[in-house]
Amino acid sequence: MRKKIIAGNWKMNVLPSETAELVKEVAAATKDFANVEVVCCTPAIDIPAAVAAACGTHVGIGAENAHWEAKGAFTGEISCPMLVDAGVKYVIIGHSERRQYFGETDETVNKRTRAVIAAGMTAIVCVGETLEEREAGKLVEVIERQMTTGLKDVTAADCAKLVIAYEPVWAIGTGKTATPDQAQEVHALIRSILARLVGEETAQTVRIQYGGSMKPANAAELLAKPDIDGGLIGGAALKAGDFAGIVAAGN
Ligand code: PGA
């Protein structure tokens, strides 16, 4: 059985001074849902406050990106050892906003993913097609490329520290959610690609989150699908009540 994992992706939205309160609210609002792994991924500058506020609770703290080198002349970047030292347990890699605005490629996704896993953190690797790609019939091709290049040299043993997030780009922040059947179809495809890459048995253990306008009102039917093992939540993660509603749906 795969334990459901619901992770908030705060993006660039919460001030350091607001962080402790939101993490504490999330911890309090989700404390009764022990069947779900609860994560808040925060801006780098919020991490110390988030880790301190989550201490002694069930909430894990994640980062929104990480560089693949351990140290060196990379002005403005943050390394995996730095994140580990700060108490971070999860890192989102290859979010579509990073691909779209910051030049992230499947190759850099691969380097970051391997560095995160090697550092002992869990990589939440995002894949997903744009509307244009979907309408051009390229869905399978895009997911196939993102998975095979993004996960190159990721081993079956590494998969204990791997979560995949399927986020159709057209559903992120738009209010348009993939239907549960549309999402399930791609989740099953992702699991079949994983099976080819790391073996069927391991593929069955990897959690695949759905992301894109997930909210309390649509979470239950998405999370009821056999290959949907959680959610990566943007907008609805900024209100503890909404976030907890999604966690409750996954419990
Ligand atoms: P959304 O964002 O829930 O606001 O659509 C999801 C994400 O980008 O991870």
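Atoms within each ligand, like the ligands themselves, are counted from 1 in listed order. Quick note: residue numbers are just sequence positions, from 1.
Ranking the protein heavy atoms by distance from atom 3 (O) of ligand 1 puts Gly234 N, 2.9 Å first.
Side chain to side chain, Thr155 and Asp158 meet the donor-acceptor criterion of an N or O pair below 3.5 Å. Side chains of Asp106 and Thr149: a donor-acceptor N/O pair is absent below 3.5 angstrom, by distance only. With hydrogens and angles left out, the side-chain atoms of Thr108 and Glu104 include a donor and acceptor closer than 3.5 Å.
By the 4.0 Å N-to-carboxylate-O rule, Lys3 lies too far from Glu37 to be salt-bridged with it.
Ser213 counts as a contact of ligand 1, since one of its heavy atoms falls under 4.0 Å from the ligand. For Gly211, the heavy-atom gap to ligand 1 stays at 4.0 angstrom or more.
Counting atoms of ligand 1 from 1 in the listed order, those under 4.0 Å from a heavy atom of His95 are 7 (C), 8 (O), 9 (O). Near Gly173, meaning under 4.0 Å from one of its heavy atoms, ligand 1 places the atoms 1 (P), 4 (O), 5 (O). In the vicinity of Gly235, heavy-atom distances shorter than 4.0 Å reach the ligand 1 atoms 1 (P), 3 (O), 4 (O). Each of the following atoms of ligand 1 lies closer than 4.0 Å to a heavy atom of Glu167: 6 (C), 7 (C), 8 (O), 9 (O). Listed by number with element, the atoms of ligand 1 under 4.0 Å from a non-hydrogen atom of Gly212 are 5 (O). Near Lys11, meaning under 4.0 Å from one of its heavy atoms, ligand 1 places the atoms 2 (O), 7 (C), 8 (O).
The two residues Met214 and Gly231 come nearest to each other via the heavy atoms SD-CA, 3.8 Å. In this structure, Cys80 and Ala66 approach most closely via the heavy-atom pair SG-CB, 3.9 Å.
Here the CD1 atom belonging to Ile93 is positioned 10.5 Å from the CZ atom belonging to Arg99, to the nearest 0.5 angstrom.
For Ala171, every heavy-atom contact with ligand 1 shorter than 4.0 Å involves the backbone, none the side chain. Only the side chain of Asn9 comes within contact range of ligand 1, with a heavy atom under 4.0 Å; no backbone atom does.
Each of Arg207, Arg191, Lys4 was checked for a salt bridge (charged side-chain N to carboxylate O under 4.0 Å, His left out) with Asp229, and the lone residue meeting it is Arg191.
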